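Remember, predicted model here, so these are calculated numbers, not experimental data. In listed order, ligands and their atoms are each counted from 1.
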Amino acid sequence: MATSEAVGAPPAVNATIEAKKPATQLIDPYNVAGQVDDSGNIKAIDYDQHSKDFAVPLLTQQHFDRFEAVTGKPVHRLMRRKLVFSHRDFDKILDFYEKHGSFMLYTGRGPSSGSMHLGHTVPFLFTKELQELFDVPLVIMMTDDEKYLFTRNKNDGVQKKGSAVEDFLHYSHDNIKDIIALGFDPAKTFIYTDYEYVGGHFYWNTSEFESLVTHNQASGAFGWNGSTNVGLVAYGAKQCVAAFPSSYPELYGYPDYRPPEFNPEAKRRFGPLASIPTLIPCAIDQEPYFRILRDRCERMTDPHPKTSLILSKFLTALQGPGGKMSASDPNSAIFMSDKPKQIKDKINKHAFSGGRESLEEHRKHGGNPDVDVAYTYLSYFLDSDEELEDLATKYRSGEMLTGEMKARCISELQAFVGDFQKKREGVTDEIMRNFTRPRKLVFGGNPNLGGKASDGVPGLFKTAEANGEANGEASAESKEREDGRGTKSERKAAKLAEKKAEKEKEKLALRGKGEDGEAAS
Ligand code: TRP
């Protein structure tokens with residue numbers, strides 16, 4: 001950093017980005033890079049520009065107000081701080097939840113290596129809090145197939161050592177344990193790897209969806225060409241149909257009808273599942289998939305409501321806001337397996353600073369927290385709005401130095417990562433299998449509507465019954481299944497969910513009597 005002008009102009013993140021030098025910024029599932037200007041500097045990713053380019057509306061105060069009105073809880077800090085910043089039809093999900101009591105959450109992860117980094121945890125932490133807040137079922141897709149196909153494609157068709165199908169399955173399992181260590185509730189969370197789970201109804205939906213996407217459309221969205229392996233071209237349909245509750249009948253108490261119980265009539269019985277909307281919390285790079293999805297939801301045999309999205313920014317690379325943390329560049333990222341000393345060294349050595357060249361300059365002119373990586377990380381992980389505000393003010397005024405900002409960041413990240421590692425040690429294979437076993441999920445949904453949504457989504461499952469569809473039969477069969485499948489813990493979880501819902505209801509009732517301002521505090 002040579003002059004004071006350099007504040008806000010981060011250096012190149014890595015060679016790939018340098019080589020590509022995009023004239024405009026690139027954001028898709030396979031490329032993320034800020035725009036490169038004429039003198040070769042990478043600019044910060046411009047999220048407002050993305051919102052304009054792809055007509056993805058920004059979240060506004062109106063959404064926050066509506067969120068607080070529907071949930072009775074303050075809006076999430078990542079939303080308040082605009083780190084979760086844009087959406088598609090988020091308001092529709094809130095409307096549906098208010099009226100029908102539930103929806104499905106869906107997110108995922110491509111397991112490209114055995115260890116996750118700090119940036120990977122952000123959408124999961126956000127998703128976890130949404131799940132707790134709304135008390136709804138969540139599916140997490142581990143795309144070992146995508147990563148296998150992508151890696152092989154990247155290596156010109158060669159299957160290198162350590163990148164066979166089973167290697168990616170292992171990465172999936174390791175990553176699932178990492179995700180569990182973030183604290184998800186097994187009663188209402190289903191985590192699966194594509195290599196283990198995709199089949200049955202999921203695959204029926206996949207075939208139908210594939211028939212709605214042409215080669216040209218897939219190439220347009222992801223940059224595929226004639227040399228891309230056909231597995232990768234087809235993969236996108238799986239990431240899309242993963243958003244349909246009807247891809248997972250067992251989660252709602254219907255049998256999956258895989259052999260020996262195969263029943264070609266089964267699909268028609270699951271009509272009610274097609275009416276449940278889904279919300280996908282994800283980072284903005286995944287949006288191209290879901291653009292394709294939303295255009296086709298209503299064209300399925302069982303039309304599905306257009307999937308809603310809530311989109312987050314990337315956790316910037318240590319080098320600055322022109323790129324995201326990358327697992328393949330160890331100096332760009334803090335890994336969830338890093339030791340306290342590694343965290344300290346990485347932040348001290350590599351974190352781009354918004355501070356001034358000299359102590360004297362800094363005291364005089366102050367620093368810029370907006371481009372300061374240590375401050376940026378704190379804005380994701382620090383709970384207290386007041387402390388965050390205080391840090392920014394002191395930094396701007398020059399009262400606080402870069403070293404002090406870094407020290408605050410280091411202690412916060414060491415605590416977060418250390419706590420994670422303790423929990424991760426306790427996640428056994430058995431615990432992992434509790435999440436990956438297809439089973440009926442137990443969730444309460446909107447407490448104002450009785451808080452027992454997993455017994456049937458009001459207005460949906462009931463409609464099926466009223467129509468005399470084979471719903472009764474399906475639930476009898478699912479009961480049979482439950483007998484052999486840990487119903488004890490499920491019942492316990494159901495009781496807990498019920499109690500929790502009761503409490504929430506009481507709280508809400510009390511709040512209703514109190515002052516208006518309380519919910520927003
Ligand atoms: N393709 C994503 C990745 O590489 C994984 C993924 C699958 C995903 N389904 C998703 C991410 C839904 C977010 C939401 O990480």
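Near Lys147, meaning under 4.0 Å from any of its heavy atoms, are these atoms of ligand 1: 4 (O). Near Ile280, meaning under 4.0 Å from one of its heavy atoms, ligand 1 places the atoms 14 (C).
In this structure, Met142 has no heavy atom closer than 4.0 Å to ligand 1.
Residue contacts with ligand 1, taken as heavy atom pairs separated by less than 4.0 Å, involve Arg109 solely via the backbone atoms N, CA, C and O. With a heavy-atom cut-off of 4.0 Å, Phe290 touches ligand 1 through its side chain alone. Contact annotation for Thr143 and ligand 1: only side-chain heavy atoms (C-beta onward) come within less than 4.0 Å of the ligand.
A side chain to side chain contact (heavy atoms under 4.5 Å, CB included) with Met432 is found for exactly one of Ile179, Ile191, Ile176, namely Ile176.
Annotation: the span from Tyr252 atom OH to Met104 atom CE amounts to 5.5 Å, rounded to 0.5 Å.
Inclusion of Met141 in the set of residues having an N or O under 3.5 Å from an N or O of ligand 1 is not warranted. Polar contact with ligand 1: present for Tyr106 (N/O pair, distance under 3.5 Å). Between Glu146 and ligand 1, a contact under 3.5 Å exists for at least one N or O pair.
You'll find the ring centres of Phe150 and Tyr30 inside the 6.0 Å limit.
Shortest non-hydrogen contact noted between Asp89 and His87 is N-ND1, 3.5 Å.
In the model, Gln239 has no side-chain atom that pairs as donor or acceptor with a side-chain atom of Thr143 under 3.5 Å. Side chains of Gln61 and Asp65: a donor-acceptor N/O pair is present below 3.5 angstrom, by distance only. Residues Ser115 and Ser337 have side chains that bring a donor and an acceptor to within less than 3.5 angstrom of each other.
Closest protein heavy atom to atom 11 (C) of ligand 1: Gly108 O, 3.3 Å.
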